[in-house]
Structure formats: C-alpha cells, structure tokens
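Below: one structure, written as structure tokens.
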Amino acid sequence: MGTLLLVHAHPDDEAISTGGAMMKAAADGHRVVLVTATRGEAGEIHNMDEAASRPRLGEIRTQELENASRILGVSRGEFLGYRDSGMVGTPENDDQRSFHQAAVDEAAQRLVAILREEKPDVVVTYAEDGVYGHPDHIKAHFVTNAALDQLLRASDSWTPKKLYYTAIPRSMMQAFMEQMPEEARLQQSSNIRIVGTPDELVTTRVDVSPYTARKRQAFAAHVSQNDPNSWFATMADQIYELAFGTEYYQLARGKPGSALPESDLFSGI
C-alpha cells in the first residue's frame, strides 16, 4: 500500500485537522508518517502546575504526542528539531533555536532526508496562511514546499504524487462561527483568527465520521493543551461529529484522482 506523510508544527496539531484521515489511511493499510517541526515548548499549560511543567513542557508534549500517535495509527514519528516559535509578536519569535528563525533551505534538507527514506505517495501540510497565522504553521508550509522543490532540482527518481493543504471551507467556517458560543467568537477576534479556505480551492472532502470518537480521544491525549472549561472540551458529541466528521483538503501539487471533490487522499493512487 501507499504512504501518507504529514508535516505539522506542534504536538496536537495532527489530531484535530488531520486525525481522521490519518486513521482512515492506517485502516486502509497505508503507512502513516508524522513529522512535527517542534515539541511545543511555548504552548499554554492546562491540567498541570505551570511552574513545575513549564521547564519540561517539550518533554511533556512529546509524550502526549506519542500517546496520540498510537490512537491515530502512526507508523513513524519524527521531529525536525526546532523550538516552538510561540504566537505572532511574542519573544519566542526571536529565539534563534525557533522554527520561525530557521533558514528555509536548511530545514527543508532535514525534511528531504525523511522524504527520501519514506518515499510517501501523499504529503500533507498547511496552506500559506498557516490556518490561523501561527509562525510555525506558516514556516511548515514554506519548508515543505522547499523540500519538494529540492527533490525536483535533484532529479530524484521518486517524488510524491500529491501534496495537500489542510482546509476549512470559508462558507463552513462562517456558518460554524455563527453557531459558536461567545467565547469562540471572541477568540476569533483576538490573536487567533481563522478565515477559512475559499470554497473553490477545496478539492477533497474525506468522510471521517467513523473515527470522530477516536479523533477526540487523540486530542484529549494532549492533556496539557486541553482547557477543561473551553467550549471545545464541553462540546456535545453530536455537535463535535457534525463539526469534525469531515476533513477538507486543498490539492496543491499533483492531479486529482477522481471527479471533484475527491473522497480520499489516496484517490487515483
């Protein structure tokens, strides 16, 4: 069977945006490889003592990622070895160890080494806006594309057949926000704003409803990132399934494997 390789920014990013497609791929017999750029050292801390946990948050989140990966059917997990850059405008952006500060070509070389080992049929990362503008998500976009370009320039005998970006259709995002609690709308107006992908760019809709309960369990495995009082944590199962039972993607490189919208990342492979 084929191989799906995903390039994410931090532990927990994989569970919500791509967790269903990962489990579906594994259930269909494909190999699932997860590459994470950082260990999430700058993340918020919930359900743990801040003073005790902050110095070792990267270690904590690494273990949480391992726990989530078992649920998601990950065959191999790798880190690119950079530090979490934090949100836009924070001091972590200036840390020379951060993913944000890394030279694109150097980071791409690290990814190329994994790509050559795994030879994935399908690669998934973020679009240029990084979903909500996080520096590490945006950097993952440019590094992944730079890595694929390096393979093309090197005239490798193999290159991935498809590159996808995660997507949230703009019309769905607008409708979703209209139904969300005030807390969610306020979050949209602060440092996190998800505009969504223009509907016409969304090429692929994957039904992951059989996996939504396990998808939620995978995110719950990231204990330090789960605010127990948030609207997300308290969302009813039926609403969660409606919101996260379909995953959307934008085909950025390669050819569609069926009439649009495709129903699977491996369509045509």
Side-chain angles (χ1 to χ4, degrees), residues 1-40 60-80 111 113-126 131 137 140 144 147 158 160-168 204-226 232 237 240-251 254 257-258 261-269:
M1 303 298 285
T3 296
L4 169 66
L5 185 144
L6 307 101
V7 183
H8 278 291
H10 318 98
D12 82 7
D13 291 331
E14 81 294 330
I16 293 302
S17 61
T18 59
M22 293 166 74
M23 285 185 280
K24 184 179 186 301
D28 290 343
H30 300 298
R31 181 171 171 83
V32 177
V33 178
L34 175 61
V35 179
T36 310
T38 80
R39 297 179 188 267
I60 290 169
R61 295 190 71 179
T62 297
Q63 183 60 59
E64 292 173 346
L65 181 60
E66 290 178 5
N67 296 339
S69 293
R70 283 193 289 272
I71 297 171
L72 296 172
V74 174
S75 305
R76 176 186 178 185
E78 292 288 346
F79 287 97
L80 288 184
L111 180 56
I114 302 171
L115 289 168
R116 283 181 169 145
E117 290 174 4
E118 291 292 342
K119 293 182 170 55
D121 302 276
V122 179
V123 175
V124 173
T125 193
Y126 315 101
V131 182
H137 288 233
T144 301
W158 158 90
K161 295 180 176 67
K162 291 181 174 182
L163 169 67
Y164 287 99
Y165 301 149
T166 62
I168 303 174
T204 310
R205 298 187 304 192
V206 183
D207 177 10
V208 299
S209 55
Y211 307 101
T212 50
R214 285 169 55 204
K215 184 175 175 178
R216 197 168 196 179
Q217 290 170 9
F219 184 69
H222 295 280
V223 178
S224 67
Q225 302 305 295
N226 276 268
F232 184 82
D237 289 343
Y240 185 92
E241 183 161 340
L242 285 171
F244 298 102
T246 302
E247 290 179 359
Y248 300 88
Y249 296 88
Q250 174 188 348
L251 181 62
S258 69
E262 298 174 304
S263 61
D264 189 88
L265 299 180
F266 284 89
S267 179
I269 295 176

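Model, not experiment: these values are computed from the prediction.
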Give me the atom names and distance for the closest heavy-atom approach of [X] to [Y].
X    : Y    : result
D264 : V206 : CA-CG2, 4.3 Å
F79  : P11  : CE2-CG, 4.4 Å
A27  : Y211 : CB-OH, 3.5 Å
T212 : G245 : CG2-CA, 3.4 Å
A68  : A218 : CB-O, 3.4 Å
D12  : Q225 : OD2-CG, 3.4 Å

Do [X] and [Y] have side chains that approach each other closer than 4.5 Å (heavy atoms only, starting at C-beta)?
X    : Y    : value
E247 : K215 : yes
S17  : Y249 : no
V131 : D13  : no
T144 : V124 : no
P120 : L115 : yes
V74  : E14  : no
V223 : I60  : no

Rounded at 0.5 Å granularity, tell me how far [atom1] in [X] sits from [atom2] in [Y].
X    : Y    : atom1 : atom2 : answer
T18  : K24  : OG1   : NZ    : 14.0 Å
H30  : M1   : NE2   : CE    : 4.0 Å
T204 : Y165 : OG1   : OH    : 13.5 Å
L5   : L111 : CG    : CG    : 6.5 Å
L72  : R70  : CG    : CZ    : 11.0 Å
E262 : K162 : CD    : NZ    : 3.5 Å

Partners of D121 by side chain to side chain contact (heavy atoms under 4.5 Å, CB included), sequence neighbours excluded?
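So D121 forms a side chain to side chain contact (heavy atoms under 4.5 Å, CB included) with T3, K161, F266, I269.
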Whether the T246 and R205 side chains hold a donor-acceptor pair (N or O, under 3.5 Å, no angle test) is what I'd like checked.
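R205 and T246 do not have a side-chain donor-acceptor pair below 3.5 Å.
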Backbone N or O of [Y] within a donor-acceptor pair of the [X] side chain at under 3.5 Å?
X    : Y    : value
R39  : R61  : no
N226 : F219 : yes
T38  : H10  : no
E64  : S224 : yes

Start with the C-alpha gap between T62 and T36, add the side-chain angles, then the distance that decides, and say whether side chain to side chain contact (heavy atoms under 4.5 Å, CB included) holds.
CA-CA 10 Å; T62 297; T36 310; over 6 Å; no
Around R76, counting heavy atoms of other residues, nucleotides and ligands shown, do more than 12 lie under 6.0 Å from its CZ?
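Atom CZ in R76 is packed in, count exceeds 12.
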Please say whether the positively charged group of R216, taken as NZ for Lys or CZ for Arg, lies over the ring of F244, i.e. under 6.0 angstrom from the six-membered ring centre and within 45 degrees of the axis.
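No cation-pi geometry.
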